[in-house]
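Each remark here refers to the structure printed beneath this line.
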Amino acid sequence: MKRNKGSVPLLYIAHILLGLIILLPLAFALVSSLRPLDEIFRYMSPVSWRTFIPTQITFDAYVSLFVERGFGRIFFNTFYVSIVNVVVGLVIASMAAFAFVYFEFKGRALLFFLVILTFMIPFEVIAIPLYGLVDSLGWIDTYSGIIVPGLANGLVIFLYRQFFLDLPKALIESARIDGASWFKIYAGIILPLCKPVTVSAGLLIFIHQWESFMWPLIATRSKEYKVIQVALSDFVTEFATYWNEMFAGIIIAVIVPVLVLLPLQRYFVNGIANTGSKE
């Protein structure tokens with residue numbers, strides 16, 4: 001379909017406006033993190049160039065985060081939990097999807113339906129029984145308590161299954177005729193073909209875990225296992241709000257997923273686009 005030339009400028013204007021809506025709050029957060037606490041809202045009304053360009057730059061907020069608030073440990077916890085979820089979660093999801101596609105067993109359709117339900121049910125519905133289960137295992141305030149409940153991701157299993165359905169079955173049949181084991185087929189033939197969907201699924205898991213707030217809040221009690229999203233709530237106290245430190249923490253929380261996503265965005269888009277709805 002040929003695009004109307006008159007609509008092109010409007011499209012660019014819409015993109016610019018959308019970009020400003022997304023970037024201006026981040027720009028304000030970045031500038032505020034470099035300002036003294038008493039100057040953050042001084043230039044909010046009326047809005048001027050001083051609103052987004054600091055007249056006095058200080059890194060006190062970032063120094064305070066890592067020296068006084070122990071953000072180094074918090075950053076490590078968040079990164080460690082996210083990476084473990086990605087690595088183990090991809091293995092579990094890909095093996096489960098492999099079984100759904102290539103194995104015939106009783107109740108397969110019902111079991112896959114239950115997998116689909118897992119990412120349709122709000123987390124709040126299962127939070128209390130999940131806490132009871134994790135508490136009975138003695139995993140409250142441990143890495144296991146934060147990591148294990150999120151390892152089996154229904155959405156990632158669905159993505160892998162749909163990708164596997166599009167692979168030629170003749171490839172699997174020929175490998176079986178040649179005497180290849182199922183594990184060899186899975187690890188040596190299927191997985192090397194799954195780079196786009198693996199990158200997409202890995203990014204989904206990483207970003208979801210990096211942004212996770214409710215479950216880490218419920219499952220941890222001490223500062224030793226605190227993650228970044230929970231730590232951001234510490235800047236609001238009964239007597240004051242440390243806005244510059246909060247904005248500094250927000251910038252750190254935002255910049256890591258962006259740095260991970262940008263170099264892999266091509267694979268991410270291809271993985272999602274190429275995951276069809278074949279049955």
Side-chain angles (χ1 to χ4, degrees), residues 25-26 29-30 32-33 61-93 118-119 121-156 200-238 241-262 264 268:
L26 290 177
L30 176 61
S32 298
S33 69
Y62 292 93
V63 173
S64 177
L65 283 183
F66 288 94
V67 174
E68 298 180 11
R69 295 187 179 269
F71 236 68
R73 177 72 185 190
I74 292 168
F75 186 85
F76 169 79
N77 289 341
T78 313
F79 195 78
Y80 175 74
V81 169
S82 300
I83 292 298
V84 172
N85 263 274
V86 170
V87 175
V88 182
L90 288 178
V91 174
I92 292 175
T118 60
F119 64 86
I121 299 175
F123 174 77
E124 291 79 2
V125 175
I126 64 170
I128 294 177
L130 182 60
Y131 177 85
L133 175 61
V134 172
D135 187 35
S136 67
L137 294 171
W139 287 354
I140 294 299
D141 210 27
T142 64
Y143 284 124
S144 298
I146 304 173
I147 294 171
V148 173
L151 291 179
N153 189 303
L155 178 59
V156 176
S200 300
L203 288 173
L204 285 174
I205 296 173
F206 182 86
I207 293 174
H208 175 267
Q209 190 60 48
W210 187 270
E211 300 295 333
S212 181
F213 170 77
M214 179 170 288
W215 178 245
L217 177 65
I218 295 173
T220 58
R221 296 168 183 167
S222 66
K223 294 182 179 180
E224 185 179 358
Y225 299 100
K226 188 173 290 186
V227 297
I228 196 166
Q229 300 299 330
V230 177
L232 290 177
S233 63
D234 293 343
F235 300 116
V236 180
T237 68
E238 182 179 357
T241 300
Y242 299 93
W243 290 105
N244 55 342
E245 295 182 16
M246 179 186 291
F247 284 130
I250 290 172
I251 292 300
I252 295 173
V254 169
I255 198 66
V256 172
V258 170
L259 292 177
V260 172
L261 181 59
L262 283 180
L264 300 173
F268 180 75

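Just so it is clear, the values below take in all heavy atoms, side chains as well, and ignore hydrogens, waters and symmetry mates.
Remark: side-chain polar atoms of S64 are not paired, donor with acceptor, to backbone N or O of A61 under 3.5 angstrom.
Rounding to the nearest 0.5 Å places CD1 of I252 at 9.0 Å from CG of L232. Rounding to the nearest 0.5 Å places CG of L65 at 11.5 Å from CD1 of I251. Rounding to the nearest 0.5 Å places CG of N77 at 11.0 Å from CZ of F71. From Y225, atom OH reaches atom OG of S144 across 9.0 Å, with rounding to the nearest 0.5 Å. Rounding to the nearest 0.5 Å gives a distance of 7.5 Å between NZ of K226 and OG1 of T220. Taking CG from L133 and CD1 from I128, the interatomic distance works out to 14.0 Å, rounded to the nearest 0.5 Å.
Checked against side-chain contact (heavy atoms from CB on, under 4.5 Å), Y80 has the following partners two or more places apart in sequence or in another chain: F76, V84, Y143, I147. Listed by chain and residue number, nothing satisfies the side-chain hydrogen bond (donor to acceptor under 3.5 Å, both in side chains) test with S32 (two or more places apart in sequence, or in another chain).
Heavy atoms from other residues, nucleotides or ligands lying under 6.0 Å from CZ of F79 number 12 at most. The 12-atom threshold is exceeded at CG of L262, counting heavy atoms of other residues, nucleotides or ligands nearer than 6.0 Å. Taking a 6.0 Å sphere around OH of Y242, one finds it holds 12 or fewer heavy atoms contributed by other residues, nucleotides or ligands.
Side-chain contact between V256 and F75 is present, with at least one heavy-atom pair separated by less than 4.5 Å. Looking only at side-chain heavy atoms (C-beta outward), V230 and V227 come within less than 4.5 Å of each other. Two residues are said to be in side-chain contact when any heavy atoms from C-beta on lie closer than 4.5 Å; F119 and V156 fail this criterion.
Within the structure, every pair that satisfies the salt bridge (charged side-chain N to carboxylate O under 4.0 Å, His left out) test and touches residues 71-80, not counting sequence neighbours, is listed here: R73-E224. Residue pairs satisfying the side-chain hydrogen bond (donor to acceptor under 3.5 Å, both in side chains) criterion with at least one member in residues 121-137, sequence neighbours excluded, are listed as follows: Y131-R221. Residue pairs satisfying the salt bridge (charged side-chain N to carboxylate O under 4.0 Å, His left out) criterion with at least one member in residues 242-259, sequence neighbours excluded, are listed as follows: R69-E245.
The nearest pair of heavy atoms linking V134 to P149 is CG2-CG, 4.0 Å. Counting all heavy atoms, side chain and backbone alike, F247 lies closest to A29 at CB-O, 3.4 Å.
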When the side chains of residues 201-219 are checked against the rest of the protein, which donor-acceptor pairs come out under 3.5 Å, sequence neighbours left out?
residue: W210; atom: NE1; partner: A253; partner atom: O; Å: 2.8
residue: E211; atom: OE1; partner: Q229; partner atom: NE2; Å: 3.3
residue: W215; atom: NE1; partner: G145; partner atom: O; Å: 2.8

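Between the side chains of S33 and N244, not a single donor N or O lies within less than 3.5 Å of an accepting N or O.
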